[in-house]
Amino acid sequence: MLWPLIKDSVPVKAIVLLVLMFLLWWFNWYTVGAALLLLITDILITLSITPANKGEFIYSKDIQKLFSTDGTWLQVAMERAKVSDVKQLNLYQQDQLAYVDFKLNTNLHVRYKFPLQQYQPFLQWLQTHLPQTHLVTSLKS
């Protein structure tokens with residue numbers, strides 16, 4: 001979809017506006033109207049798409065297989081973000097499970113639950129590989 005590209009980029013907005021102005025000049029109002037209708041449809045479709053997990057925690061048998069870093073980038077499953085963008089990470093225990101909850105970037109909220117015996121090794125990994133990230137740890141009952 002085009003809307004995520006257009007909404008975050010001023011140069012792309014300017015190019016789209018120039019293309020629409022050219023179409024208006026060259027082909028008259030019909031083409032511009034059709035292009036605007038397609039753009040509005042694209043925006044509505046993009047805004048109506050809901051995330052796959054809908055805010056629920058996804059269960060992972062081995063949490064450390066999902067996380068990796070090369071110093072600059074943090075990889076969580078198939079998503080990537082700069083390590084410096086991850087400001088705070090919530091890690092807690094509840095009902096024989098451990099939970100990790102944080103924003104990877106502006107669009108993605110990472111929420112996993114995993115076996116409690118992996119809590120301490122994962123906490124040590126986070127402290128080693130994400131030293132500038134504020135870790136909030138707790139025990140919830």
Problem - NZ-CD distance between K113 and E56, expressed to the nearest 0.5 angstrom - result: 8.5 Å
Completion exercise
In short, A98 meets Y119 closest at the heavy-atom pair CB-CD1, 3.8 Å
Handout entry: L116 with I58, same ILVMFWY side-chain cluster at under 4.5 Å
Key = yes
Fill in the blank from the handout: One should read off an interatomic distance between M78 CE and L66 CG, to the nearest 0.5 angstrom, of 12.0 Å
Practice task
Without swapping roles, check the side chain of D95 against the backbone of L97 for a donor-acceptor pair under 3.5 Å.
Solution key: no
Exercise for the section: Show your reasoning for whether side chain to side chain contact (heavy atoms under 4.5 Å, CB included) applies to Y92 and V100. Expected result: CA-CA 7 Å; Y92 58 92; V100 61; over 6 Å; no
Practice task
May I ask you to decide if A77's main-chain N or O and Q75's side chain share a donor-acceptor pair within less than 3.5 Å?
Solution key: yes
Practice task
Please determine, by modelled atom types, if Q64 and D62 share a side-chain donor-acceptor pair under 3.5 angstrom.
Solution key: no
Fill in the blank from the handout: Here the pair of heavy atoms bringing E79 nearest to L108 is CG-CD2, 3.1 Å
Practice task
Quick one: do I63 and Y112 satisfy side chain to side chain contact (heavy atoms under 4.5 Å, CB included)? Show the steps, please.
Solution key: CA-CA 8 Å; I63 193 70; Y112 284 103; 3.7 Å; yes
Practice task
Would you please indicate if the ring centroids of F122 and F114 are separated by under 6.0 Å?
Solution key: yes
Handout entry: Spatial distance of atom CZ (R111) from atom CG (N90) [nearest 0.5 Å]
Key = 9.5 Å
Exercise for the section: May I ask you to decide if V83's main-chain N or O and Q132's side chain share a donor-acceptor pair within less than 3.5 Å? Expected result: yes
Problem - hydrophobic_cluster_shared for Y99 and V136, side chain cutoff 4.5 Å - result: no
Problem - Audit row: V110, D101, side chain to side chain contact (heavy atoms under 4.5 Å, CB included) steps and yes/no - result: CA-CA 6 Å; V110 174; D101 183 13; over 6 Å; no
Practice task
Please tell me if the side chains of L89 and H134 come closer than 4.5 Å, counting only heavy atoms from C-beta onward.
Solution key: no
Problem - Point-to-point distance, once rounded to the nearest 0.5 Å, from CG of L91 to OG of S138 - result: 8.5 Å
Problem - Side chain to side chain, L135 and F102, heavy atoms closer than 4.5 Å - result: no
Exercise for the section: Could you walk me through whether F67 and L74 pass the side chain to side chain contact (heavy atoms under 4.5 Å, CB included) test, one step at a time? Expected result: CA-CA 7 Å; F67 284 74; L74 173 64; 4.3 Å; yes
Exercise for the section: Measure the spacing between OG of S60 and CD of Q118 and express it to the nearest 0.5 Å. Expected result: 6.5 Å
Completion exercise
Between P115 and Y59, the two heavy atoms sitting closest are CG-OH, 3.4 Å
Problem - Pairwise distance CZ(R80) to OG1(T72) - rounded to 0.5 angstrom - result: 9.0 Å
